[in-house]
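The figures here come from the full heavy-atom set of this structure, side chains too, leaving out hydrogens, waters and symmetry mates. Not measured: the values here are computed from a predicted model.
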Amino acid sequence: IILQLTNQSGMIKFFRKIRQQLLSENRFTKYLIYAIGEIVLVVIGILIALQINNNNQAKKREIEVREILSQIQEELAINVQNADKILLSYCKKDSLIYAVLNDKINKSDYKVLDNNMTEVTELAYLILDYDELVIIDNGYLGLIKNTGNFPVRFKPLLEPLKQLYENDKKWLYDYNGLIKENVFENENYWKYNKQWYSNLYFQMKIDEEAIDFFLSDPFYKNQVTSYSEIFRVHLGLIAGFRIKAKNMFNTITTILGNGR
């Protein structure tokens with residue numbers, strides 16, 4: 001704009017000389033017409049300068065938004081990878097839960113070695129273990145702080161991103177907390193009611209009394225059932241987030257045209 005106004009200043013000086021000449025010759029009508037024309041030219045010049053500036057600002061803004069969207073893409077890819085790892089672990093855990101609740105587990109399933117105090121398998125920690133999907137959303141947080149003059153062609157991304165990083169994330173984090181709370185409740189019950197807990201937790205050893213509890217105590221099945229109810233919702237939320245994150249990644253790829 002400064003360059004444009006500088007050019008216009010030179011033009012104004014040129015026009016002023018013509019205007020003074022017309023006045024000195026008492027040609028008022030022509031002067032009036034000329035003055036109006038001069039004003040129109042100056043206004044047009046200013047409008048052109050503003051338009052050029054607006055175009056430059058729009059290009060700059062688009063570059064900024066593209067950079068933020070590229071960051072969101074990278075974070076979506078990481079979130080999907082982290083979800084994949086958890087889902088792989090959870091699918092195995094889901095099979096173990098089914099086996100426990102349907103009496104398809106026997107004593108040998110809890111042992112690695114066949115002696116009185118054996119190394120424990122992961123089955124013994126079934127309801128003492130959980131995974132949290134921690135969502136990386138720095139790019140999205142940066143985006144929502146800069147939605148002013150948001151390029152029109154990127155606006156269709158705003159609502160699904162908000163759904164993913166605000167609504168879906170909230171539900172997922174709620175169940176991150178619920179499953180953690182359930183695990184702590186199970187751990188505290190064993191800690192204060194089962195003599196074998198310290199061997200299981202600290203030495204990773206299991207004895208016959210503990211195995212008998214896992215196989216025949218109805219309270220343990222109640223604990224597994226309670227854990228399972230939260231676990232399966234948690235699993236579903238992680239799987240749902242993973243699908244939406246993957247779709248969002250592909251949508252951004254299409255809009256940016258970066259073929260990532």
Side-chain angles (χ1 to χ4, degrees), residues 78-138 165-242 245:
I78 295 172
N79 289 330
V80 168
Q81 291 173 0
N82 291 339
D84 285 341
K85 293 176 183 177
I86 294 175
L87 290 173
L88 184 63
S89 170
Y90 266 24
C91 284
K92 182 177 182 181
K93 182 185 285 287
D94 191 45
S95 298
L96 293 177
I97 290 173
Y98 175 84
V100 168
L101 294 179
N102 289 275
D103 299 320
K104 297 183 180 296
I105 299 296
N106 56 50
K107 184 178 294 188
S108 63
D109 293 320
Y110 284 98
K111 296 181 178 181
V112 174
L113 303 175
D114 189 14
N115 52 40
N116 292 332
M117 184 74 77
T118 69
E119 293 182 8
V120 67
T121 66
E122 61 183 307
L123 187 60
Y125 298 98
L126 184 62
I127 60 174
L128 295 186
D129 182 44
Y130 67 95
D131 288 293
E132 290 182 281
L133 180 59
V134 178
I135 306 301
I136 303 173
D137 59 358
N138 296 321
Y165 281 113
E166 295 185 22
N167 298 350
D168 294 346
K169 178 185 173 182
K170 179 184 180 303
W171 277 102
L172 182 55
Y173 273 40
D174 284 347
Y175 272 83
N176 279 350
L178 286 174
I179 198 166
K180 181 191 296 186
E181 182 181 341
N182 184 268
V183 165
F184 287 165
E185 288 176 357
N186 296 333
E187 184 179 354
N188 284 333
Y189 174 78
W190 292 3
K191 182 187 299 182
Y192 297 113
N193 293 278
K194 302 300 177 183
Q195 293 182 353
W196 44 259
Y197 173 78
S198 61
N199 288 330
L200 179 68
Y201 191 82
F202 294 107
Q203 300 182 33
M204 298 186 69
K205 300 289 185 178
I206 189 169
D207 60 20
E208 293 296 324
E209 183 182 355
I211 293 175
D212 183 64
F213 170 77
F214 293 135
L215 290 175
S216 60
D217 193 303
F219 183 77
Y220 176 64
K221 276 197 173 182
N222 290 344
Q223 286 183 307
V224 175
T225 299
S226 176
Y227 176 90
S228 174
E229 290 172 350
I230 301 171
F231 165 81
R232 289 199 166 96
V233 176
H234 194 221
L235 186 155
L237 289 171
I238 294 172
F241 184 92
R242 190 255 181 212

(request) Could you walk me through whether Asn199 and Met204 pass side chain to side chain contact (heavy atoms under 4.5 Å, CB included), step by step? (result) CA-CA 6 Å; Asn199 288 330; Met204 298 186 69; over 6 Å; no
Indicate the atoms forming the closest heavy-atom contact of [X] with [Y], along with that distance.
X      : Y      : result
Leu133 : Ala83  : CD1-N, 3.8 Å
Ile206 : Ala210 : CG1-CB, 3.6 Å
Ser89  : Asp131 : OG-OD2, 3.6 Å
Asp137 : Lys169 : OD2-NZ, 2.8 Å
Ile86  : Glu132 : CD1-O, 3.6 Å
Asp109 : Asn106 : OD2-N, 2.8 Å

(request) Flag yes if more than 12 heavy atoms outside Tyr175 fall under 6.0 Å of its OH atom; otherwise flag no. (result) no
(request) Name all residues meeting the ring pair (Phe, Tyr, Trp, His ring centres under 6.0 Å) criterion together with Phe231; count only those two or more places apart in sequence or in a different chain, and write none if there are none. (result) Tyr90, Tyr227
Roughly how far, to the nearest 0.5 Å, is the [atom2] atom of [Y] from the [atom1] atom of [X]?
X      : Y      : atom1 : atom2 : answer
Asn82  : Ile136 : CG    : CD1   : 6.0 Å
Ile179 : Arg232 : CD1   : CZ    : 11.0 Å
Ile135 : Ile238 : CD1   : CD1   : 8.5 Å
Ile211 : Ser216 : CD1   : OG    : 11.0 Å
Ile230 : Asn176 : CD1   : CG    : 12.0 Å
Leu237 : Arg242 : CG    : CZ    : 15.5 Å

(request) Identify, with sequence neighbours excluded, every residue that meets side chain to side chain donor-acceptor pair (under 3.5 Å) alongside Glu181. (result) none
(request) Check whether any side-chain heavy atom of Tyr220 lies under 4.5 Å from a side-chain heavy atom of Ile127, and answer yes or no. (result) yes
(message) Are Tyr110 and Leu215 packed together at the side-chain level, in the sense that at least one heavy-atom pair is separated by less than 4.5 angstrom?
(response) yes
Identify each donor-acceptor pair in which a side-chain atom of residues 190-198 lies under 3.5 Å from a protein atom, sequence neighbours left out, and give them as a table.
{"from": "Trp190", "atom 1": "NE1", "to": "Gln223", "atom 2": "OE1", "distance (Å)": "3.1"}
{"from": "Asn193", "atom 1": "ND2", "to": "Tyr189", "atom 2": "O", "distance (Å)": "2.8"}
{"from": "Tyr197", "atom 1": "OH", "to": "Glu187", "atom 2": "OE2", "distance (Å)": "2.9"}

(request) Using a strict cut-off of less than 4.0 Å between a Lys/Arg side-chain nitrogen and an Asp/Glu carboxylate oxygen, indicate whether Glu208 and Lys107 qualify as a salt bridge. (result) yes
(message) Whether the side chain of Ser226 engages the backbone of Asn222 through a donor-acceptor N/O pair (distance < 3.5 Å, no angle test) should be reported.
(response) no
